[in-house]
Amino acid sequence: MKIKNITWSFMIALTAVGSGFTSCADQPDKFELASGTPTVYYIRPVDVASKDSLLTSASLQSTICLVGDNLKSIKGILFNDQAAVLNTSYITDHTLIVSVPNEIPSVVTDKMYMITTSNDTIPYDFQVTISAPSVVSMSNEWAKAGEEVTITGDYFLDYDNYPLEIKVGKDYTLPREAITSIEKTKITFTMPEDMPQHEDIVVSDKYGSTNAPFQYMDNRGMLFDFDTPNSVTNEVLGNSGWHNRIIQSDDTSLSGNYMQIGNTGVTMDANGKWNDEFSFEYWAGNWADPETYASHPRLCDVADFSDWTNKSLKFEMLIPADAGWGAGPMQIIFGSPSQISLGNAGVVDVNGVTLAGCNNTWFRAQNGWGRAIYMPWYSNSSASLYDTGDKWVTVTIPLSDFNLEYDGNLATKSFSSINDFSSLNIFLIKGAYNDKSVLPDGVECTPIIKIDNIRVVPNK
């Protein structure tokens, strides 16, 4: 969003502002503009309790009160280059109540301009404060060099005399030539060859700096990248349950191996009924007694799940354009060894927990465990085929959103300790109890969902 300095459009705004009056039809005393020049002594809040406070700045949409003399001679007010709406019911000779416009200024002068009945312009030093950038997400946190990437958020403001910047780590600034566009809610750029990895990203503009809740090539809290041995048992984690999903690398790979849910020609019914091809399981355990988790560790031992209410599950996903997903909500559920384990039921593990063993009841037990339900194919009460255009995208699901039942209703149980993050299932199904569900039907499809870099990371 390129924002310019004083331009001819600003002068046009000055001449047009006089048409911004509104008035109350039931006002008993007719308002009449006065001649002469207004004088503003100070500006204060409208709130009577704060009337002794003096203001030199205010945020968008704030309501303020000008105090002075001959204020009825004001027929229009600009804050920077944005015209305010004046209500004659709130104007007297000595006070004028007005709201700061909600629009982002294109011309920033840090002044308020009062337009008089004789079309004189009276400037007054007053700053409109705008929020620092809000940084929400990046389209692909693992994008390759040369790939187009979008950062989304709000208040991305780019001025000629105060350009927006993206810094990575302590010493790197994203080259300006890499940025292809800046809009208020998104920044699009081409990933440079020398972009630092695993470093904090900060977006800065005239109104402040904000740390992004992500890193480039973010490997914090990595659970499954399907390539790297974990730090606990020094083995690569992958399938560990009843179903073996495809784990492979090919010319669509993001970074080595990925895991695939679904397969060529395998149909997901519109009603999202169970199909073994759409389930990935990682169950901790090794059929030992006592259970030691010698090669299939608990996920809470692989990554830090403490302070889970302030963390998110993330992964990269690719859905081919010719294998769109349109039915079967993705259910993502963590479990403790007392709910699910790769081992015999009744065995006690090294932590004193009695194992539940392998079962298919824990994730669909009524009044059961909360999980996340993800269905990007459903929007505005309508289902359609969803794909990522043969590109990898980053999916972010806060752990606080793991709060739904198998049938889509709110769950009654939630996480109580890090032990609850021992095992993981990702599967497609429209869950129901007694043939009832609040989850939607979709459209019959043959989806292929490629997933990589499953991790748990802080929200900030």
Side-chain angles (χ1 to χ4, degrees), residues 198 218-249 255-261 276 278-308 311 313-316 331-365 368-372 399 402 413 415-427 451-457:
H198 322 312
D218 197 349
N219 62 356
R220 296 172 296 171
M222 187 64 73
L223 302 174
F224 306 90
D225 69 1
F226 307 106
D227 297 294
T228 308
N230 75 87
S231 60
V232 179
T233 65
N234 201 37
E235 294 184 311
V236 177
L237 301 185
N239 292 305
S240 179
W242 283 339
H243 304 96
N244 285 325
R245 296 279 65 78
I246 294 171
I247 296 176
Q248 65 182 12
S249 63
S255 57
N257 288 320
Y258 61 84
M259 180 269 292
Q260 179 175 304
I261 293 176
D276 286 352
F278 299 104
S279 179
F280 166 75
E281 302 106 26
Y282 176 84
W283 298 340
N286 292 97
W287 301 100
D289 188 0
E291 181 58 69
T292 61
Y293 307 107
S295 60
H296 296 107
R298 301 181 309 168
L299 294 179
C300 57
D301 294 323
V302 175
D304 180 9
F305 281 89
S306 63
D307 193 26
W308 63 80
K311 292 185 176 180
L313 183 75
K314 289 191 175 187
F315 54 87
E316 274 64 54
Q331 302 213 14
I332 309 173
I333 183 170
F334 287 97
S336 70
S338 61
Q339 295 169 303
I340 188 68
S341 64
L342 196 65
N344 288 317
V347 169
V348 176
D349 71 9
V350 290
N351 303 300
V353 176
T354 300
L355 304 187
C358 301
N359 67 87
N360 63 358
T361 59
W362 71 286
F363 66 81
R364 55 187 180 88
W369 202 243
R371 81 286 311 279
L399 292 181
F402 282 63
K413 298 177 184 177
F415 308 122
S416 60
S417 75
I418 61 170
N419 194 48
D420 297 332
F421 299 96
S422 295
S423 297
L424 175 68
N425 269 35
I426 302 176
F427 53 101
I451 292 176
D452 203 354
N453 301 323
I454 303 172
R455 58 197 183 274
V456 59
V457 300

Any side-chain heavy-atom pair of [X] and [Y] under 4.5 Å:
X    : Y    : value
T228 : N219 : no
I332 : L424 : yes
L237 : P297 : yes
V348 : P290 : no
Y293 : S422 : no

Considering non-hydrogen atoms only, spot the tightest contact between [X] and [Y] and give its length.
X    : Y    : answer
I247 : G238 : CD1-CA, 4.1 Å
N359 : Q339 : ND2-O, 3.0 Å
S295 : T233 : O-OG1, 3.6 Å
G357 : S341 : N-OG, 2.9 Å
A284 : S423 : N-OG, 3.0 Å
I340 : C358 : CD1-CA, 4.0 Å

Has [X] got a side-chain atom pairing as donor or acceptor with [Y]'s backbone, closer than 3.5 angstrom?
X    : Y    : result
N230 : V302 : no
N286 : H296 : yes
W308 : I418 : no
N257 : F226 : yes
S338 : T354 : no
H243 : F280 : no

Do F363 and F427 have their ring centres less than 6.0 Å from each other? yes
To the nearest 0.5 Å, how far apart are [atom1] in [X] and [atom2] in [Y]?
X    : Y    : atom1 : atom2 : result
R455 : N453 : CZ    : CG    : 5.5 Å
D452 : E316 : CG    : CD    : 7.0 Å
F278 : Q260 : CZ    : CD    : 10.0 Å
T292 : N351 : OG1   : CG    : 10.5 Å
L399 : D420 : CG    : CG    : 11.5 Å
I454 : K314 : CD1   : NZ    : 14.5 Å

Determine, step by step, whether I261 and R245 satisfy the side chain to side chain contact (heavy atoms under 4.5 Å, CB included) criterion, reporting the C-alpha distance in whole Å, the side-chain angles of both residues, the deciding distance to 0.1 Å, and the verdict. CA-CA 6 Å; I261 293 176; R245 296 279 65 78; 4.2 Å; yes
Working for side chain to side chain contact (heavy atoms under 4.5 Å, CB included), residues N425 and E281: CA-CA 5 Å; N425 269 35; E281 302 106 26; 3.5 Å; yes
Run through W369, F421, F334 and flag the one making a ring-ring contact (aromatic ring centres under 6.0 Å, His included) with F402. F334
Taking only residues two or more places apart in sequence, or in another chain, which ones meet R298 in a salt bridge (charged side-chain N to carboxylate O under 4.0 Å, His left out)? D301
For side chain to side chain contact (heavy atoms under 4.5 Å, CB included), just list the numbers for D225 and S255, CA-CA rounded to whole Å, side-chain angles, deciding distance to a tenth of an Å, and then say yes or no. CA-CA 8 Å; D225 69 1; S255 57; 5.8 Å; no
With sequence neighbours left out, what residues match Y282 under ring-ring contact (aromatic ring centres under 6.0 Å, His included)? F224
Check against side chain to side chain contact (heavy atoms under 4.5 Å, CB included), D289 and N344: CA-CA 8 Å; D289 188 0; N344 288 317; over 6 Å; no
Would you tell me whether D304 and S306 have side-chain atoms, one donor and one acceptor, within less than 3.5 Å of each other?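 Result is yes, a qualifying pair exists.
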